[in-house]
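Single-structure report; data block below.
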Protein chains: 2
Amino acid sequence: MNRPLILVTNDDGIDAKGINALIEVAKDFGDVFVVAPDRPQSGMSHAITVNIPIRIAEIHNNPNTLESYMCSGTPVDCVKIALNRLLGRKPDLLLSGINHGCNSAISNIYSGTCAAAREGAILNIPSISFSISDMHKDADFSTAKKFIPVIIKNIIENKIAAHTYLNVNVPKVNAEEIKGIRICRQTMGCWAEEFDERKDPFNRTYYWMTGYFNNCDKGEDNDEWALKNKYISIVPTLIDNTDYNSLESLKKLNYEL
Amino acid sequence: MNRPLILVTNDDGIDAKGINALIEVAKDFGDVFVVAPDRPQSGMSHAITVNIPIRIAEIHNNPNTLESYMCSGTPVDCVKIALNRLLGRKPDLLLSGINHGCNSAISNIYSGTCAAAREGAILNIPSISFSISDMHKDADFSTAKKFIPVIIKNIIENKIAAHTYLNVNVPKVNAEEIKGIRICRQTMGCWAEEFDERKDPFNRTYYWMTGYFNNCDKGEDNDEWALKNKYISIVPTLIDNTDYNSLESLKKLNYEL
């Protein structure tokens with residue numbers, strides 16, 4: 001039997017510590033094929049590159065991978081070009097991350113790491129995004145590396161529903177402090193932005209976007225609660241965003257001119 | 001009573017014909033405040049600008065607007081900076097578009113126009129994205145302009161569920177051929193990509209992403225069916241992407257090390 005073919009990508013770029021941690025875990029489950037951005041693409045969500053050309057370059061020095069490429073595009077571009085140009089067949093699994101920084105709650109919507117898994121789910125590939133609650137370049141991935149294998153093993157054995165991907169987040173605690181793995185819903189909330197106003201050397205105004213997450217969801221069944229209570233969170237996440245609850249009430253409105 | 005304050009944005013950029021068509025419709029419902037990208041930002045999805053500064057510039061020559069700004073960032077950046085820096089208060093309505101090109105089915109996920117409405121819904125502002133099935137720069141917006149007022153009027157009178165936005169698409173037919181307005185679910189399907197391989201003058205390979213939509217959804221209750229049958233489609237769309245159907249089955253799996 002052939003070994004599973006595993007596509008690995010991320011949004012922090014091919015040089016990030018997190019993707020190398022993920023490759024080390026993934027190689028025990030199959031042949032690892034990497035296509036990742038050539039530079040940080042955090043916050044790129046599900047963006048695709050349509051106005052400029054896309055370039056790819058092979059990387060020859062990673063013994064843990066079957067083949068490894070860096071791509072000038074977004075994480076979603078990486079998945080698309082992997083599937084359409086680089087891989088000889090559809091992969092058995094898509095793993096994205098490990099992201100430097102938490103992608104719980106609605107951060108899922110802004111994250112390039114989660115978007116890569118979403119693109120895999122659109123193409124009906126079992127797909128998982130992994131993130132840890134530590135944005136530092138030198139973040140410690142040992143807790144994540146200890147628990148990710150059990151999640152991958154479960155998915156290989158049991159499958160995910162068609163067009164659903166898993167958004168996995170690991171809290172910033174030592175492995176022995178982890179209380180368990182919780183299946184959760186996505187926390188509702190919003191980012192409270194601040195725009196840091198500055199002047200450039202030519203006295204023109206510019207802004208840096210900063211902000212903090214405003215958790216307005218008091219439930220205990222969501223991913224923010226799980227992470228705060230030292231659980232690893234798994235949110236099964238959909239491609240179909242239809243608000244089925246609103247369909248009937250909207251149909252009752254009057255749409256005559 | 002104060003007139004409603006309406007924030008208008010898009011992803012085709014502030015010079016697009018579509019946003020000006022939307023401003024003309026919107027001004028009959030309230031004071032129009034525009035913050036839109038300074039250049040095309042199609043396919044930017046829910047991306048935010050974190051690695052480079054954001055700039056804004058006021059535009060002084062639009063008599064249909066209260067104030068009008070162009071922004072160097074993405075559509076979602078436009079909404080965020082409007083809310084946090086430019087508008088004195090939360091708007092009563094957010095309108096995005098009118099997009100040159102269809103955003104039905106899963107195009108909703110890739111679209112910057114839909115993302116702006118999604119950002120509005122995160123912030124609990126009644127939000128609607130409008131698109132037409134014609135990508136041309138000089139597309140005819142007369143059908144859209146005839147029917148958009150009835151949709152806006154309904155939303156002002158009846159409200160949308162909290163954190164739900166409407167994704168509206170208008171088929172490329174004359175107004176008298178429109179059969180009606182249909183409330184739909186999001187069509188499932190995927191884009192079949194092709195990467196057009198070329199050589200630059202220095203003999204280095206590059207790619208343009210191209211592709212076509214592969215509709216694998218045979219239902220008659222979805223937005224693709226509606227558009228093909230000359231209906232205007234409205235898909236109520238969620239922020240919470242949790243796959244609630246998968247929660248229980250995933251909880252049964254074994255997560256022991």
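Lettering of chains follows the sequences in order, A, B, ..., and the numbering in each one begins at 1. Nothing here was measured: the structure is a model prediction, and the numbers come from that model.
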So which part of [X] gets closer than 4.5 Å to some heavy atom of chain B, the side chain, the backbone, both or neither?
{"X": "A:Arg85", "result": "side chain"}
{"X": "A:Asn167", "result": "neither"}
{"X": "A:Ile106", "result": "side chain"}
{"X": "A:Leu83", "result": "neither"}
{"X": "A:Thr237", "result": "both"}
{"X": "A:Glu119", "result": "side chain"}
{"X": "A:Leu166", "result": "side chain"}
{"X": "A:Asn241", "result": "both"}
{"X": "A:Asn214", "result": "neither"}
{"X": "A:Val50", "result": "both"}

Please determine, by modelled atom types, if A:Ser104 and A:Glu224 share a side-chain donor-acceptor pair under 3.5 angstrom. yes

Is there a donor-acceptor pair closer than 3.5 Å between any side-chain N or O of B:Asn169 and the backbone N or O of B:Ser233? no

Taking the six-membered ring of A:Tyr165, is the NZ or CZ of A:Arg118 close enough (under 6.0 Å from the centre) and on axis enough (within 45°)? no

Ring-face cation contact, B:Tyr231 with B:Arg182, 6.0 Å cut, 45° max: yes

State, to 0.1 Å, how close B:Ala175 and B:Thr143 come at their nearest heavy-atom pair, and which atoms those are. N-OG1, 3.2 Å

So what's closer than 4.5 Å to chain A heavy atoms on B:Met188: side chain, backbone, both or neither? side chain

Contact class of B:Ser111 relative to chain A, heavy atoms under 4.5 angstrom: neither

